[in-house]
Structures are given as C-alpha cells and as structure tokens.
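What follows is a single structure, written as structure tokens, with notes after it.
Scope of the values below: all heavy atoms of this structure, side chains included, with no hydrogens, waters or symmetry mates.
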Amino acid sequence: MRVTQLELTNFRNIASAVFEPCDGVNLIWGDNAQGKTNLLESIWLFTGCRSFRGAKDTECVGFGGAKAALSLDYFGEGRDQNLLLSIEKTRRFTKNGIKLTSPAKVMGSFLAVVFSPVHLSLIKDGPYERRKFLDAAISQLKPKYALALSGYNKALAQRNILLKDLMYHSELYDTLDVWEEQIAFYAAELMIQRIGYIHRLSTFATEIYGGISGKRETLEITYQEAGSTGGNTKEEIRQGMRDLLRAARKTDLVTGSTSVGPHRDDLLIKINDLSARSYGSQGQQRSAALALKLGEAAVIRSFTGEQPVALLDDVMSELDSFRQNYILNHISDWQVFITCCDPASVQNLQYGKAIRMKNGKII
Ligand SMILES: Nc1ncnc2c1ncn2[C@@H]1O[C@H](COP(=O)(O)OP(=O)(O)O)[C@@H](O)[C@H]1O
Ligand SMILES: [Mg+2]
C-alpha cells in the first residue's frame, strides 16, 4: 500500500496543497505549528478512523471555511485507486468515483498505522490503554472479536448490577451462575484471540526493537491475566474462568465489581527483563511504543498481504542518533511519513524525500 498523490483544500491550516510522496521515507520537516501533524492527520483520515488527535470532524475544516476537501491517490490491492473525503458537519467518502453511504464503509480500503506522542500512553499509562490497543487491533482484523467483546461487556455489566442488588435481594444469588457462564464463554473467546495476537505481534515487535536499539536491548511482550485460568485451549480457559469467578464472589460482593477477567488483564512490556512502564527511559519507552505500532503494521501485512503506510509523528525527539538513523534509513520496503523539527535529520536522510512545511504550505 502506498500513497501516490495527496491533495488538500481548506484542511486545518493547509489552504491548498498537492504532494507526491516517494515510495520510501518521506520526511516532513519544519518549525513548530507549521502544519506537519496536520498533513499526517489528513492521510490518516482516509483509513476511515477518527483523528488520532481525538479531534471532532468540524475542527479539521480550515478556520473561516465551510468545508474541507481531500483527495488521495493510492496503490492498493494491486491497482491504482482514489478516495475523496469531504468534511463539512460530517465526513463523506467517495471511493473510485462511487459515493459511500457511511464512513464505516471505507474501512479496510486504505491501510495505515500511526504513531504519535499520545501513543506513549501505551507504555506509560495503566492497563486500560494497552487493552484498548489490543481490542482495536484485533477487531480490525477479526470483526467477530468485536462482537465477542460487546457480548462480554454486556454480561459483565449484568453481573456487576447483580452484585450490588444482592445486598438487598439475596434470593437472586443463583442468578450469578447465569451471568458467570456467559462471561466465561465470551472471556475464553477474547483471551484466546488476544494471546494469539500477542504471539504474532511480539515476533515482529521484538525484531523491530532489536533493530532500533542496535541489538543492545531486548523487548518482550506477554499477556498478563488478572487471575490465572491455567488454561491453554478455549475450553480450558472457559472452565478456568468459571472457577475464578466463583472464587472471586466473596470479594466481588464487597466491592460490587468483577475482579477477574479480560477487562482486568494487561499486556506486560519488558525491556531487558524490566517493566518498560516502571523502569524504561524516555527513549526506551518511545522506542517500545514505536516497535508496537510497527509490529501492528507487520501483523496487518501477514493477514491481508498489504503493507500499511506508517505515519510517525514526532517520533525522533528523545532518541539518540543511532536510533534516529535507524528510523530514517532502515525501515525499508514500505512507505513511511515522518515529521520532525530538526533540519539535521534532513541531512541524515540517505534515501527518500524531504518535504518542508511552512505556514500551512509545502515549500
Ligand atoms: N481548523 C483549523 N484551521 C486553521 N488552522 C488550524 C486549524 N486547526 C489547527 N490549525 C493550526 O495548525 C497549526 C498546528 O499545526 P500542526 O500540524 O499541529 O503543527 P506542527 O507543524 O507543529 O505539527 C496551529 O497553528 C493551529 O492553529
Ligand atoms: Mg506536530
């Protein structure tokens, strides 16, 4: 997958721009607040996902204008294709000349992964961020996972309501069996998928991390259960989950919440055998987050046969010159867009294209 041409009209501070990237590394450089991240964001929006900045649709329209118009020529699924995106109050996509009835319909057409400083939360923050990453990544590859997740969340909410009700209605105690059976069913589905995904992801991410760190450091990613089911197969996990839920009843009745299950599980990320969250340096944490994101792209390629475009926003800061050089010159075979402020990076770029952004213009 690669972008062949991008055309923007009235998108944020970019009044009008046309840009033909190269197939390798495209380095978008310039001072702060010139529109570098805006340019990456515009490419990302063609995935059909919401902005990685958490922006509302209307915030993307240039101040004072009514509408933003974006056009992306890309090569994917073996041919040249085009997507148009117009943003007014809402987003509207047109694919190869045909209007799509909803933004969800564009999903899966143009594939990209994005790393931005907000993704450092993957390493630095609590387990919620890592579960969100896992759930989103797997749902994208396997729509059945999203259904199981929704079934799980509903059953979990019912158990939690019941735990609170039991204080006043002890006669309902046996109903716990019903919800726990459902939770165990969906939990086994979610966990088997998560473990399988992490297995694939870690193969790629550890290799990428090895490259970034010049083989001086190792990255390890494992699934960490809030309570051990002790199971390997789906049926074993399901049985283990039933037992865990039953054993947790006493404490769960006190708190009115469920203390075991995939909604409490985590992704343990270690660098040189130490928790990256607790002990990693800024540069190590950034490298680990980047390795996860590039690993995610590699998993997508192994599933779909298409290599997603990589969008890397402000990835270079806090990295030493070896790591910067690796990112600039050794991520081969795919199209990458990197933003940076430091003109020295342009000097260090061996192949690829440097694009300067100034005041919303590509110069
Ligand atoms: N909807 C908008 N219309 C016009 N300008 C905008 C809009 N949204 C953001 N901007 C401007 O874009 C600039 C930030 O661009 P950004 O791409 O984040 O900069 P950087 O080059 O540092 O990555 C800010 O000056 C901001 O005011
Ligand atoms: Mg920026």
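Across G30 and K36, no two heavy atoms sit closer than the pair O-NZ, 3.3 Å. Of all non-hydrogen atoms in E306 and G78, the two that sit nearest each other are OE2-N, 4.1 Å. Closest of all the heavy-atom pairs between D252 and S259 is OD1-OG, 2.8 Å. Residues P343 and W29 share a closest heavy-atom pair of CB-CZ3, 3.9 Å. Between V61 and E88, the shortest heavy-atom distance links the atoms CG2-O, 4.2 Å. Between P21 and V3, the closest heavy-atom pair is CG-O, 3.4 Å.
Using a cut-off of 4.0 Å between Lys/Arg side-chain N and Asp/Glu carboxylate O, E180 and R249 are scored as salt-bridged. The pair R323-E217 meets the salt-bridge criterion, since a charged nitrogen lies less than 4.0 angstrom from a carboxylate oxygen. The pair D266-R277 fails the salt-bridge criterion, with no side-chain N (NZ, NE, NH1 or NH2) lying under 4.0 Å from an Asp/Glu carboxylate O. A salt bridge is defined here as a Lys NZ or Arg NE, NH1 or NH2 lying under 4.0 Å from an Asp or Glu carboxylate O, and K358 with D31 fails to meet this definition.
Within the cation-pi definition used here (under 6.0 Å to the ring centroid, within 45° of the axis), R216 qualifies as a partner of F322. Stacking of R194 on the aromatic ring of Y223 is not recorded, the 6.0 Å distance cut-off and the 45° axial limit not both being met. In this structure, R159 forms no cation-pi arrangement with W179, as its terminal cationic atom is not both closer than 6.0 Å to the ring centre and no more than 45° off the ring axis.
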Test side-chain contact (heavy atoms from CB on, under 4.5 Å) applied to L190 and Q193, step by step: CA-CA 5 Å; L190 297 181; Q193 294 290 347; 6.0 Å; no
Criterion side-chain contact (heavy atoms from CB on, under 4.5 Å) on F110 and M1, from CA distance to verdict: CA-CA 8 Å; F110 174 70; M1 183 118 340; 3.8 Å; yes
Verdict with supporting geometry, Q285 and S281, side chain to side chain donor-acceptor pair (under 3.5 Å): CA-CA 6 Å; Q285 292 184 337; S281 73; over 6 Å; no
D320/Q324 under side chain to side chain donor-acceptor pair (under 3.5 Å): CA gap, chis, key distance, verdict: CA-CA 6 Å; D320 58 39; Q324 290 195 0; over 6 Å; no
Intermediate values then yes/no, side-chain contact (heavy atoms from CB on, under 4.5 Å), V254 and K250: CA-CA 7 Å; V254 178; K250 218 167 150 188; over 6 Å; no
CA sep, side-chain torsions, deciding dist, call: K270, S275, side chain to side chain donor-acceptor pair (under 3.5 Å): CA-CA 4 Å; K270 283 184 173 177; S275 153; over 6 Å; no
Chi angles and distances behind the side chain to side chain donor-acceptor pair (under 3.5 Å) call for N82, N96: CA-CA 5 Å; N82 172 265; N96 300 326; over 6 Å; no
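L268 and Y209 are assigned to two separate hydrophobic clusters, defined by single-linkage of ILVMFWY side chains at heavy-atom distances under 4.5 Å. Hydrophobic clustering (side-chain heavy atoms under 4.5 Å, transitive across Ile, Leu, Val, Met, Phe, Trp, Tyr) groups V336 together with L294. Cluster annotation: L312 and V309 are assigned to distinct hydrophobic clusters (Ile/Leu/Val/Met/Phe/Trp/Tyr, side-chain heavy-atom contacts under 4.5 Å, transitive). Tracing side-chain contacts under 4.5 Å through hydrophobic residues (I, L, V, M, F, W, Y), one never reaches L39 starting from M316; they form parts of separate clusters. Under a hydrophobic clustering in which Ile, Leu, Val, Met, Phe, Trp and Tyr are joined whenever their side-chain heavy atoms come within less than 4.5 Å, directly or via other members, F93 and W44 fall into the same cluster.
Around NZ of K353, the count of heavy atoms belonging to other residues, nucleotides or ligands within 6.0 Å exceeds 12. A 6.0 Å sphere centred on OH of Y351 holds no more than 12 heavy atoms belonging to other residues, nucleotides or ligands. Counting heavy-atom neighbours within 6.0 Å of H199 NE2, excluding the residue itself, gives a total of 12 or less. Annotation: Q5, atom CD; neighbour count of heavy atoms from other residues, nucleotides and ligands within 6.0 Å is above 12. Heavy atoms of other residues, nucleotides or ligands lying less than 6.0 angstrom from CZ of R53 number more than 12.
We find the CG-CZ distance between L267 and F133 to be 7.5 Å, quoted to the nearest 0.5 Å. To the nearest 0.5 Å, the span separating SG on C49 from CD on Q140 amounts to 5.5 Å. Atom CD1 of I28 and atom SG of C341 lie 12.0 Å apart (nearest 0.5 Å). The distance from atom CD of Q284 to atom CG of L274, rounded to the nearest 0.5 Å, is 9.0 Å. With values rounded to the nearest 0.5 angstrom, T251 atom OG1 is found 9.5 Å from L163 atom CG. Here S257 contributes atom OG and N160 contributes atom CG; the two are 6.0 Å apart, rounded to the nearest 0.5 Å.
Using modelled atom types and a 3.5 Å distance limit, the side chains of N38 and N13 yield a donor-acceptor pair. For the residue pair E77 and Q81, a side-chain donor N or O sits within less than 3.5 Å of a side-chain acceptor on the partner. Side-chain atoms of D313 and T339 include a donor-acceptor pair closer than 3.5 Å.
Formation of a donor-acceptor pair under 3.5 Å by the N325 side chain with backbone atoms of S321 is not found in this model. Here the side chain of Q34 pairs a donor or acceptor atom with the backbone of N359 at under 3.5 angstrom.
The salt bridge (charged side-chain N to carboxylate O under 4.0 Å, His left out) test applied to E189 returns K234, not counting sequence neighbours. Under the rule for a side-chain contact (heavy atoms from CB on, under 4.5 Å), the partners of T206 that lie at least two apart in sequence or sit in another chain are L219. Partners of A247 by side-chain contact (heavy atoms from CB on, under 4.5 Å), not counting sequence neighbours: none found.
You'll find the side chain of L292 reaches within 4.5 Å of the side chain of I123, heavy atoms only. Put simply, the side chain of L6 does not reach to within 4.5 Å of the side chain of S71, judged on heavy atoms. Side-chain contact between L176 and L166: present, with at least one pair of heavy atoms (C-beta onward) separated by less than 4.5 Å. Side-chain atoms of I269 and E220, non-hydrogen and from C-beta on, never get closer than 4.5 Å to each other. No side-chain heavy atom of L328 sits under 4.5 Å from any side-chain heavy atom of Q350. In this structure the side chain of V25 never reaches within 4.5 angstrom of the side chain of F337, judged on heavy atoms. Counting heavy atoms from C-beta outward, E296 and Y197 have side chains that approach closer than 4.5 Å. You'll find the side chain of K124 stays beyond 4.5 Å of the side chain of H119, heavy atoms only.
None of L72, V106, I87 except one satisfies the side-chain contact (heavy atoms from CB on, under 4.5 Å) rule with L45; the exception is I87. Under the side chain to side chain donor-acceptor pair (under 3.5 Å) test applied with D177, the options R242, Q182, R246 reduce to a single match, R246.
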